[in-house]
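Before any comments, here is the structure.
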Protein chains: 2
Amino acid sequence: MVTLGDVAKQANVSKMTVSRVINHPEQVTDELKQLVFTAMRQLDYRPNVAAKALANNRTQVIKFFILEDIDTVEPYYMNLLFGIASGLDKKQYALQLVTKNNFDLGGSDGYIITGARYEDYEWIDRLEKPVVIFGENRNGYDFVDTDNKQGTTLATEYAIAKNYQSIVFLGIDVKEPFEYSREAGYINTLQKHQKLPQIYRMGNHSHETEQFIRDHWRQFATNTAFIVASDRMALGVIRGLQAQNANIPTDFGIIGFDGVFLDQVTNPKLSTVRQPVQDMGQLAAEMLLRKIDQNGAPQGEKLIPPELMIRGTMRQ
Amino acid sequence: MVTLGDVAKQANVSKMTVSRVINHPEQVTDELKQLVFTAMRQLDYRPNVAAKALANNRTQVIKFFILEDIDTVEPYYMNLLFGIASGLDKKQYALQLVTKNNFDLGGSDGYIITGARYEDYEWIDRLEKPVVIFGENRNGYDFVDTDNKQGTTLATEYAIAKNYQSIVFLGIDVKEPFEYSREAGYINTLQKHQKLPQIYRMGNHSHETEQFIRDHWRQFATNTAFIVASDRMALGVIRGLQAQNANIPTDFGIIGFDGVFLDQVTNPKLSTVRQPVQDMGQLAAEMLLRKIDQNGAPQGEKLIPPELMIRGTMRQ
DNA sequence: TTGTAGGCGTTATCAC
DNA sequence: GTGATAACGCCTACAA
């Protein structure tokens, strides 16, 4: 194993100079820096994470809490996880996955938390290491999320532009900021066009929306577009409409939300508001590492613009 | 921070005794062990992973390689990941996710690799740390997988028992052991019942199987069951059959494979061969940690029996 | 700007 | 069966 010392010898400098080249390069002359760099390359030096962690009183581990029920949102999180992992990798941080089952707060340099609900903030407040929340919140925590409001705004504007007369929103029946924001984008856009909002809320399951369409089929005139708060629910809407032999997209349009996986497996292909989840995960990781670096200084909020993907379930 | 030394002082023993209580308890008298345990509890001692790693020349990190294209199998891996994570957590190992994008071999105590294809074994052979493969292979590597053959055997036997006359297998067009095993379970069972196997292979996508049903609709007499190599493909079969107004499950039956997520979002609910992916992940992690502990000693293969889930797409 | 000494928390080794 | 000592590789604090 090649150590700092080996590199130092090779470059004819002290260990500290090598250490500085890595951590505080501005304190070292360019000349020595070059010497050290070539020595590192020659020896293929890899810093020892454990030693670094020990000396810094760090763990080089970030805990990722998924507080939500995995089943309901599973495909989404895979991308998130990959994003986070690639953000952490760059600085040699490793990941520890935490769910309600293996709950353990200790032994990490910071936390990324997703699926946090109102009641969770009590214990989150007591955490002693830096925290970044994945998902909108209005309690002043640093966070990363899609710009939910913009997402439904884009979707609603599109539906109006394509002349769907009636535009209905199917939301998730939770009292959480992300849902409020999605509804707000829809409501504001309708108001702007002097149309009346029509919102129904239910659980985030395809069978619930399918049943809903079945039950309320009579209410929806031809030429209706459904703006739906998740792809999973949109899936059920498609099935419900197809069961009535409705003509998609000519008479009925559907736009989901997420764009992570389920939009790939419907027929016709689902139009959706695509979140760049992987990028968002990476951003969350970077935000947390920066926060750790800055001794917990606030990082603010980061809203990532989503992308409207128009496919088979909407008029083009 | 509470250290070994603090515990030692509290228990009136040396640091080494405390260390031994943790790592080699058999070398310590019960009397002292009790003293140390209560001291640890009183002080809420948490071992410092970094220090341990440094002293042992370890990293306490396991790398998990996903070589497969994530998009196609996404929901599956989430469970796997959680299983692995919970297996590692117990021994204070952290996880590092590696894909083709952030490929990096260094800095870990071992590897779990999934999605490995024939050509990958060249570099896998050169890895210097213990490896466990997730997924069947016939090159002598230690692995964990579902008992694929048993899975399709169960499915095929069930279809026969329920008197579907014609039983067709839709497989994935890859030359990999897991696929061979799934086909073998089907073929052997048909042979046993003196029926003729009928196998079609295509890409692991719902639209391919949907198109396939459309194109070959005429060939399939009423009273046919489809044994399908993935839930994703089974989804397309359902859609294809529904497009022909086929009667499921009375005239046509479908059994998928995986049981991880997609089986939840179809209508009727998909019958499937359910893999306990999360448990499998945990087993892989445990196998790897044991292997590390035993200096790389071979661990053999572990085939986990799957479970046949009969739901709406098959006669009950 | 660069180098030296000491310590981070743990464990292996070798005495007793 | 138990304890003292010296590592492990790196970084902070201080000295030059």
Side-chain angles (χ1 to χ4, degrees), chain A residues 1-37 39-40 43-61 91-94 106-109 129 292-293 295, chain B residues 1-37 39-40 43-61 91-94 106-109 129 292-293 295:
Chain A
M1 162 175 268
V2 183
T3 71
L4 263 193
D6 299 329
V7 176
K9 236 175 274 171
Q10 175 92 355
N12 266 314
V13 297
S14 76
K15 295 203 287 182
M16 269 322 294
T17 303
V18 180
S19 172
R20 284 200 189 91
V21 168
I22 296 170
N23 301 299
H24 309 284
E26 72 283 0
Q27 301 177 6
V28 183
T29 54
D30 286 352
E31 207 179 0
L32 281 190
K33 247 186 292 196
Q34 286 315 319
L35 277 174
V36 171
F37 278 136
M40 292 201 299
L43 300 175
D44 189 27
Y45 168 67
R46 312 284 197 108
N48 180 312
V49 181
K52 182 182 186 149
L54 180 59
N56 288 327
N57 191 24
R58 290 266 174 80
T59 63
Q60 297 296 120
V61 168
K91 303 219 172 173
Q92 300 191 283
Y93 268 81
S108 78
D109 295 344
K129 297 289 168 65
I292 291 172
D293 224 42
N295 286 305
Chain B
M1 162 175 264
V2 182
T3 72
L4 263 194
D6 300 329
V7 177
K9 234 175 276 172
Q10 175 91 357
N12 267 314
V13 296
S14 75
K15 294 203 288 181
M16 270 322 295
T17 303
V18 180
S19 173
R20 278 198 266 264
V21 168
I22 296 171
N23 300 300
H24 310 285
E26 72 283 0
Q27 301 178 7
V28 184
T29 55
D30 286 352
E31 205 177 1
L32 280 191
K33 248 186 291 198
Q34 286 316 319
L35 276 175
V36 171
F37 277 137
M40 292 202 298
L43 300 175
D44 188 28
Y45 168 69
R46 313 283 197 108
N48 181 312
V49 181
K52 179 181 187 149
L54 180 59
N56 287 327
N57 191 24
R58 291 264 173 83
T59 64
Q60 298 296 122
V61 169
K91 302 220 173 174
Q92 300 190 284
Y93 268 81
S108 78
D109 296 344
K129 298 290 169 63
I292 291 172
D293 222 43
N295 285 307

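Quick note on labels: first sequence line is chain A, next is B, and so on, each numbered from 1. All heavy atoms count here, side chains included; hydrogens, waters and symmetry mates do not.
- More than 12 heavy atoms of other residues, nucleotides or ligands sit less than 6.0 Å from atom NZ of B:Lys129.
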Got a list of protein N/O to nucleotides 10-13 of chain C N/O distances below 3.5 Å?
from, atom 1, to, atom 2, distance (Å)
C:dT10, OP1, B:Tyr45, OH, 2.4
C:dT10, OP1, B:Asn48, N, 3.0
C:dT10, OP2, B:Leu4, N, 2.5
C:dT11, OP1, B:Asn23, ND2, 2.8
C:dT11, OP2, B:Ser19, OG, 2.7
C:dT11, OP2, B:Asn23, ND2, 3.4

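- From the 5' end on, the contacts that DNA chain D makes with chain A at under 4.0 Å to a non-hydrogen atom open and close at D:dG9 to D:dT12.
- B:Val28 has its side chain out of reach of B:Val36: every pair of non-hydrogen atoms, C-beta onward, lies at least 4.5 Å apart.
- Counting heavy atoms from C-beta on, the side chains of B:Arg20 and B:Leu32 never come closer than 4.5 Å.
- B:Lys91 NZ to B:Ile292 CD1: the interatomic distance, rounded to the nearest 0.5 Å, is 9.5 Å.
- Between the side chain of A:Gln92 and the backbone N or O of A:Gln60, no donor-acceptor pair lies under 3.5 Å.
- Listed by residue number, the members of residues 29-36 of chain B with any heavy atom below 4.0 angstrom from DNA chain D are B:Thr29, B:Leu32.
- Atom NZ of A:Lys33 and atom OG1 of A:Thr17 lie 12.0 Å apart (nearest 0.5 Å).
- You'll find the side chain of B:Val61 stays beyond 4.5 Å of the side chain of A:Val49, heavy atoms only.
- Counting heavy atoms from C-beta on, the side chains of A:Asn48 and A:Thr3 never come closer than 4.5 Å.
- Of all non-hydrogen atoms in A:Asp6 and A:Val2, the two that sit nearest each other are OD2-CA, 3.4 Å.
- B:Met40 contributes atom CE, which lies 12.0 Å from atom CD of B:Gln10 (distance to the nearest 0.5 angstrom).
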